[in-house]
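Data first, discussion second: the structure below is written as structure tokens.
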Amino acid sequence: MDARTSPWHGRRVLVTGCTGFLGRAVTRELLDRGACVVGLVRGRAGGSEFAREHATGQFRVVHGRTEDRGRLHSALAVHEVSAAFHLAGTGTEPLLDAAAVYHPRIPVVVAKPAGQLRLVTGDDAPVATNPVGTARFGELFGGGDRKLTRVVPRTVLGLLNHEPTVPADTRSRDFVFVRDAARACLLLAEAVAVRGESHDCTFRSGCEKTDQTMARFVAAAYAGCAAAGDGAVPEGNPLGWRPSLGTAAALAETVAWYREFVRARFAGNRSTELRRVA
């Protein structure tokens, strides 16, 4: 998509969790579409992966915690934000309170697991003043995921370290490429903003697999070949969303990211050792 024709071009958007797995992907998607992203980070070094955009003013860092309503309201008001993505994995109540005080119509998008119960009390959308979009996914995968309890990064890093693993989990779930999940979040924000009402949407790629099967697909991508048996995309995904890549292509991109990550980390460690010797 041409950034100049994107509905996000020139808009200021708050992203909590912008240094996390999905948060980074959403931030990158917004930046590529011409948005100015205000990233809430805890650590002083947070957001370094967007250094180029920070230098040009397209990415702005706000230091604070997602539990701090005052800090959240300040970030919204000072930067005149027109939408917010809460991807930090913490409760939504502080951000929803801050958004309601700032402007009761700006859309807020949150991400949750597809299997999580949709409660009607407590910290869910019905108590919010602002329109809330809840994007639900099965298990995300892609470059940048460092959570080794998930099968894709665990399998790739095991192969790179010549220590292949054999998953024991036989439960089947829908795997969604993280860049496609980011696109879904933006689509949902656009829909919520236009309609002015909350929506709870589950996005399914059709890549329904157990850990054992997914590990075989990862091994095939690692070996440079595509495993057969990619599932069909389910009909009726919300907002016309579809995955942009098939499972094999998405896994090939994922494996390439981890190869470069390990290579760069090894090169960095090697450079440090050489400096110490010198």
Side-chain angles (χ1 to χ4, degrees), residues 1 6-9 11-18 20-30 33 35 37-38 40 66 72 76 81-140 173-208 233-244:
M1 174 181 289
S6 167
W8 295 98
H9 182 74
R11 293 178 62 183
R12 297 177 184 176
V13 183
L14 175 68
V15 180
T16 71
C18 64
F21 183 37
L22 178 57
R24 278 196 308 271
V26 168
T27 298
R28 174 52 59 197
E29 193 73 24
L30 286 165
R33 297 187 188 203
V37 176
V38 179
L40 184 76
T66 57
L72 290 167
L76 293 166
V81 164
S82 64
F85 292 83
H86 182 55
L87 306 172
T90 58
T92 59
E93 186 176 352
L95 178 57
L96 293 177
D97 287 349
V101 173
Y102 166 62
H103 195 296
R105 301 314 298 162
I106 72 161
V108 177
V109 170
V110 301
K112 295 185 178 181
Q116 191 175 80
L117 292 176
R118 305 184 183 200
L119 303 177
V120 296
T121 60
D123 195 30
D124 262 22
V127 301
T129 300
N130 296 70
V132 176
T134 302
R136 298 181 184 271
F137 308 100
E139 182 159 319
L140 302 181
R173 54 195 178 281
D174 190 74
F175 286 84
V176 181
F177 187 42
V178 69
R179 288 202 288 110
D180 286 326
R183 289 193 306 105
C185 289
L186 268 63
L187 271 175
L188 183 55
E190 293 166 18
V192 167
V194 169
R195 300 171 187 175
E197 58 187 21
S198 296
H199 289 276
D200 194 320
C201 299
T202 299
F203 299 90
R204 299 189 185 281
S205 70
C207 180
E208 190 86 17
V233 178
E235 297 293 334
N237 262 311
L239 309 175
W241 175 88
R242 292 178 61 86
S244 61

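When the side-chain hydrogen bond (donor to acceptor under 3.5 Å, both in side chains) test is applied to Thr16, the partners found at least two apart in sequence or on another chain are His86. The ring-ring contact (aromatic ring centres under 6.0 Å, His included) test applied to Phe177 returns Phe141, not counting sequence neighbours. For the side-chain hydrogen bond (donor to acceptor under 3.5 Å, both in side chains) test, no residue two or more places apart in sequence or in another chain qualifies with Asn237. Applying the salt bridge (charged side-chain N to carboxylate O under 4.0 Å, His left out) test to Arg28 and every residue at least two apart in sequence or in another chain returns Asp32, Glu53. When the salt bridge (charged side-chain N to carboxylate O under 4.0 Å, His left out) test is applied to Arg11, no partner is found at least two apart in sequence or on another chain.
In terms of heavy atoms, Tyr102 sits closest to Val81 at OH-O, 2.9 Å. In terms of heavy atoms, Ala181 sits closest to Phe137 at O-CZ, 3.5 Å. Closest approach of Pro107 to Ala193, counting heavy atoms only: CG-CB, 3.8 Å. The shortest heavy-atom contact between Thr202 and Ala114 is CG2-CB, 4.1 Å. In terms of heavy atoms, Ser82 sits closest to Ile106 at O-CB, 3.9 Å. The minimum heavy-atom distance linking Asp174 with Ser205 is given by the pair OD2-N, 2.8 Å.
Rounding to the nearest 0.5 Å places OG1 of Thr129 at 8.5 Å from CG of Leu96. Atom CG of Leu30 sits about 4.5 Å away from atom CG of Leu186, to the nearest 0.5 Å. Atom OG1 of Thr90 is separated from atom CG of Leu95 by 8.5 Å, given to the nearest 0.5 angstrom. Arg33 CZ to His9 NE2: the interatomic distance, rounded to the nearest 0.5 Å, is 13.5 Å. Atoms CG and OG1, from Leu87 and Thr27 in turn, are 7.5 Å apart once rounded to the nearest 0.5 Å.
Summarising the local packing, CZ of Arg204 is surrounded by 12 or fewer heavy atoms from other residues, nucleotides or ligands at distances under 6.0 Å.
Put simply, the side chain of Val178 reaches to within 4.5 Å of the side chain of Leu22, judged on heavy atoms. With contacts defined as side-chain heavy-atom distances shorter than 4.5 Å, the pair Val109/Val192 does not qualify. In this structure the side chain of Arg105 reaches within 4.5 angstrom of the side chain of Pro131, judged on heavy atoms.
For the pair Thr134 (side chain) and Asp200 (backbone), a donor-acceptor distance under 3.5 Å is absent.
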#### Entry: Pair Val176-Phe203, side chain to side chain contact (heavy atoms under 4.5 Å, CB included): steps then yes or no
CA-CA 8 Å; Val176 181; Phe203 299 90; 5.9 Å; no

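Pairs engaging residues 176-191 under the side chain to side chain donor-acceptor pair (under 3.5 Å) rule: Trp8-Glu190, Arg179-Glu253, Asp180-Arg183, Asp180-Ser244 [sequence neighbours left out].
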